[in-house]
Amino acid sequence: MRATTTALAALLASAAALPATAQVQERTITISNGVAETHPVGNGVQAMQACFDERTGGTWTLNAFWSAALGNDLDATQALRSGTQEMVVTSTSPLVGIEPALGVFDLPFLFADDQEADAILDGEFGAMISEKMEAHGLINLAYWENGFRNLTNSVRPVTKLEDLEGMRVRVMQNDIFLDTFSNLGTNAMPMAFGEVFTALETGTIDAQENPYVTIDTSQFSEVQEYLTETRHAYTPFMVLFSKAIFDTYSPEEQQILRDCAMEGQAVQRQASRELSQQSLERVQEAGMKFNQLEPTEMERIREAVATVYETHADTIGRDVVEAMQAALDELRSGG
Ligand code: TK8
């Protein structure tokens with residue numbers, strides 16, 4: 001009895017003497033993205049690495065791949081689900097086939113500004129969506145920012161709804177985007193992001209839509225002439241981790257992943273917002289002709305796409321659409 005107690009005490013003492021990193025193994029974490037390293041996602045990944053360095057005594061390495069080098073958003077996400085890749089920073093839109101509720105973010109003109117997006121994504125609604133991802137073998141560590149999307153094309157300046165008629169617009173692989181752009185009179189073509197530059201260059205498509213920073217860092221100014229501020233949708237980035245791999249990490253390691261993804265979030269969002277205006281200026285310096293739409297034209301565009309909410313409510317999940325609308329109503333009433 002006595003000996004056992006002593007042995008136990010010795011064991012506890014030695015456990016207490018171990019460094020805090022005892023539950024942290026050496027790790028190499030592959031992370032991929034469809035955008036270039038110069039995109040604010042690059043800043044976020046750097047910030048995450050700095051956080052790992054501090055929390056793991058330099059034993060964790062983020063092995064980052066850019067410009068869809070490991071496949072597009074959907075392929076990389078499937079690699080996470082099968083446990084062959086640790087992480088991806090992906091737009092939500094190409095993942096609606098995995099989790100239909102993600103389509104809620106693609107509803108046109110949903111968020112009015114950055115503050116609304118942050119409040120919804122970092123609040124109860126965002127947590128509810130993250131929870132849904134676990135059933136698909138995916139842990140969402142944080143929401144980063146892709147941002148408000150704007151239209152570029154090589155045909156003509158878009159100053160009114162009719163200018164969109166027949167334009168061959170690449171959209172993300174997602175029926176809500178397809179419908180939105182069909183309603184606008186365009187010839188909408190779903191395509192993975194990694195193929196867009198070449199498709200624009202060869203003239204397979206006339207147009208695409210993305211946030212200013214993505215237009216800038218993807219060099220679309222080389223193959224597109226006109227840029228119109230439409231802000232027709234806000235795309236979040238999810239910072240996803242393979243659940244199969246996550247489950248093999250110690251609780252301490254899992255916490256490091258979550259904390260560092262959130263440290264990355266602060267840096268990534270700030271970089272995204274700072275760069276947005278600079279990117280707009282840069283693509284104009286590179287020759288793109290930029291215009292904003294008259295409020296009456298914006299209103300016509302909003303009206304043309306309004307039916308998309310009803311058409312896709314059942315697919316997204318009516319409860320999800322209603323929860324989003326309730327959360328936005330509460331925000332807008334100052335709640
Ligand atoms: C990059 C994509 C891209 C997205 C798109 O992988 O597909 O247009 O906006 O940023 O996630």
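Order of appearance sets the numbers: ligands from 1, and atoms from 1 within every ligand.
- Using a 4.0 Å cutoff on heavy atoms, Gln208 does not count as a contact of ligand 1.
- Between Glu263 and Arg55 the shortest side-chain heavy-atom distance does not fall below 4.5 Å.
- Near Gly34, meaning under 4.0 Å from one of its heavy atoms, ligand 1 places the atoms 1 (C), 6 (O).
- The shortest side-chain heavy-atom distance between Ile215 and Met288 falls under the 4.5 Å cut-off.
- Protein heavy atom nearest atom 9 (O) of ligand 1, with residue, atom name and distance: Asn210 OD1, 2.6 Å.
- Residues Thr230 and Thr228 have side chains that never bring a donor and an acceptor to within less than 3.5 angstrom of each other.
- Between the side chains of Gln325 and Asp329, no donor N or O sits under 3.5 Å from an acceptor N or O.
- For atom 8 (O) of ligand 1, the nearest non-hydrogen atom from the set Met191, Glu209, Arg170 comes from Arg170.
- Side chains of Gln277 and Tyr212: a donor-acceptor N/O pair is absent below 3.5 angstrom, by distance only.
- Taking atom 6 (O) of ligand 1 as the reference point, the nearest protein heavy-atom neighbour is Asp73 OD1, 2.8 Å.
- In this structure, Asn146 counts as a contact residue of ligand 1, since one of its heavy atoms falls inside 4.0 Å of the ligand.
- Under a 4.0 angstrom heavy-atom cut-off, Val35 registers as being in contact with ligand 1.
- Checked options Leu141, Ile31, Leu138; the residue passing with Leu240 is Leu138 (criterion: side chain to side chain contact (heavy atoms under 4.5 Å, CB included)).
- Taking a cut-off of under 4.0 Å to the non-hydrogen atoms of Met172, the atoms of ligand 1 that pass are 4 (C), 5 (C), 7 (O), 8 (O).
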